[in-house]
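Worksheet for the structure shown next.
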Amino acid sequence: MRAMTVAGAGQPLRAAELPQPQPGPREVLVQVLACGVCRTDLHIIDGELPPRQSGMVPGHEVVGRVVAAGPGATRFALGTRIGIPWLGGSCGHCAYCGAQQENLCDAPVFTGYDRPGGFAEYTVADERYCFALPERYDDAHAAPLLCAGLIGYRAYRLSGVRGPMRLGLYGFGAAAHIIAQLAVAQGQQVYAFVRRGDARGERFARQLGAVWAGPSDTRPPAELDAALIFAPVGALVPPALRATRKGGVVVCAGIHMSDIPSFPYALLWGERTLRSVANLTRADGEAFFEAIARHPVDTHVQTWPLAQANEAIAALRAGRVDGAAVLLP
Ligand SMILES: [Zn+2]
Ligand SMILES: [Zn+2]
C-alpha cells in the first residue's frame, strides 16, 4: 500500500510502499477514506516531540471503512465508517486509567506516533478506541472532528464554561474554527485572536460568529472569562492572562508550545488559572459527538491527495488553510 512516512527531523515526508497491515486481537483493518493534518503531526515531523520509530506513518484524524477484523473484534460490522483518534490505546491499569483519566495514562499508545496512522491507504486500530461517525459529515469534513474537534472540545470544557461567557480563542485554525461554532451555538461570545496582519483569519472568524477578531497582542474590547490557546506559541500566555478576568481560566490546548516568557505575577494574581490540556479520553469523544449532534458545526476543509502531503503541510505552516487540511488517499 502507498503511505507517507516520517523521514527524520525537519525533513519532508517520504512516499513509501509498505505491506498492508494485518489486524491483531481487538483490531480492525481500516481502508482510509480521509485523514486530517494536525499541528501535532508537524511537531512529530519536526522532531519537537521525541521521535519514536523512524519511518512512522503519521496522521491521527482518520476516517475509514472497516474492511477486516482481527480476533475478538466484533464492535463494528464490516463496511462501517469509523473514526480513529489520537488516543489509540491506554494500559487500563495505571492510577490514571483507574480514575477515568486515560488521557494521562502512564503507557499510552498514540495513533500516528506510537503506532502507524492514517497517511496511508490502510491502517489498523484497536476498535475500543475508535468512534462511530455521524452521517451528516462526508469523509473529508468528518476528519478534523477527530482531533481538532474533540481535543478542542476537551479544552473548551476545561475552561470552566458555564452559562453565557466571553471566550477568547488564540490561533484560529482547525480546532478554533470548530469550537467557535459550537460555543456560539451554546450562547458564548467568541473573541478570536489571530496573527497581526492576518485580515483573512479575522474575516473567517467573524463569518463563523466571533463578535470580535483582532491581533493576538491587543486587548479585546471586553474582559474574557476564559481563553483557549491553540497556537503553539508560549508568548501568547501573558497577553491571554492579561485579557482574562479575575478567577478566569487560560487553557494551553496544544501538545507542544514554545517557551513561555516570564511575566509579572500580577497577571496570574486574582485567582486566574493557567492550565494545559493533554490528549483525550473516549468519554470526551462521546460527549463531543453528542454536542455536535445537538449543535451541528460546519467544518471547513481544504483537501490534497495523499501523495501531496508535503504541500498540505507547507500550506498549514504558512497559515494558508482556512479551517483544516485533509489528505485523501
Ligand atoms: Zn494507563
Ligand atoms: Zn491532533
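Atoms within a ligand are numbered from 1 in the order they appear, just like the ligands themselves. What you see is a predicted model, and the numbers here were worked out from it, not measured in a lab.
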Protein N, O or S atoms less than 2.8 Å from the Zn ion (ligand 2), ignoring waters?
Cys38 SG, His60 NE2, Cys147 SG

Check ion pair Arg206-Glu202 (N to O, under 4.0 angstrom):
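Result for this pair is yes, salt bridge flagged.
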
Any salt bridge linking Asp126 with Arg26? Criterion: basic side-chain nitrogen under 4.0 Å from a carboxylate oxygen.
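Salt bridge flag = no for Arg26 with Asp126.
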
Who else is in the cluster with Trp269 when I, L, V, M, F, W and Y are joined by side-chain contacts under 4.5 Å?
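Tyr170, Tyr191, Phe193, Val211, Trp212, Leu224, Ile229, Val233, Leu236, Val237, Leu241, Val250, Met257, Ile260, Phe263, Tyr265, Leu267, Leu268, Leu274, which link up through side-chain heavy atoms under 4.5 Å apart, make up the rest of the cluster.
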
Cluster partners of Val326, using ILVMFWY side-chain heavy atoms under 4.5 angstrom, listed by chain and number?
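Result for Val326 is Val301, Leu328.
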
Verify same cluster id: Leu13, Val32 (apolar side-chain graph, 4.5 Å)
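No, Leu13 and Val32 fall in different hydrophobic clusters.
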
Taking the Zn ion (ligand 1) as the center, what protein N, O or S atoms are found at less than 2.8 Å?
Cys91 SG, Cys94 SG, Cys97 SG, Cys105 SG

Using the ring of each side chain (for Trp, its six-membered ring), is His256 parallel, tilted or perpendicular to His43, with breaks at 30° and 60°?
tilted

Check the pair Phe172, Leu208 against side-chain contact (heavy atoms from CB on, under 4.5 Å), reporting the backbone distance first and the verdict last.
CA-CA 11 Å; Phe172 208 82; Leu208 297 182; 3.9 Å; yes

Gln186-Tyr156 side chain donor-acceptor pair, cut-off 3.5 Å:
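The criterion, which ignores hydrogens and geometry beyond distance, is satisfied for Tyr156 and Gln186.
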
For the backbone of Asp284 and the side chain of Arg154, can you confirm whether one donor and one acceptor N or O come within less than 3.5 Å of each other?
no

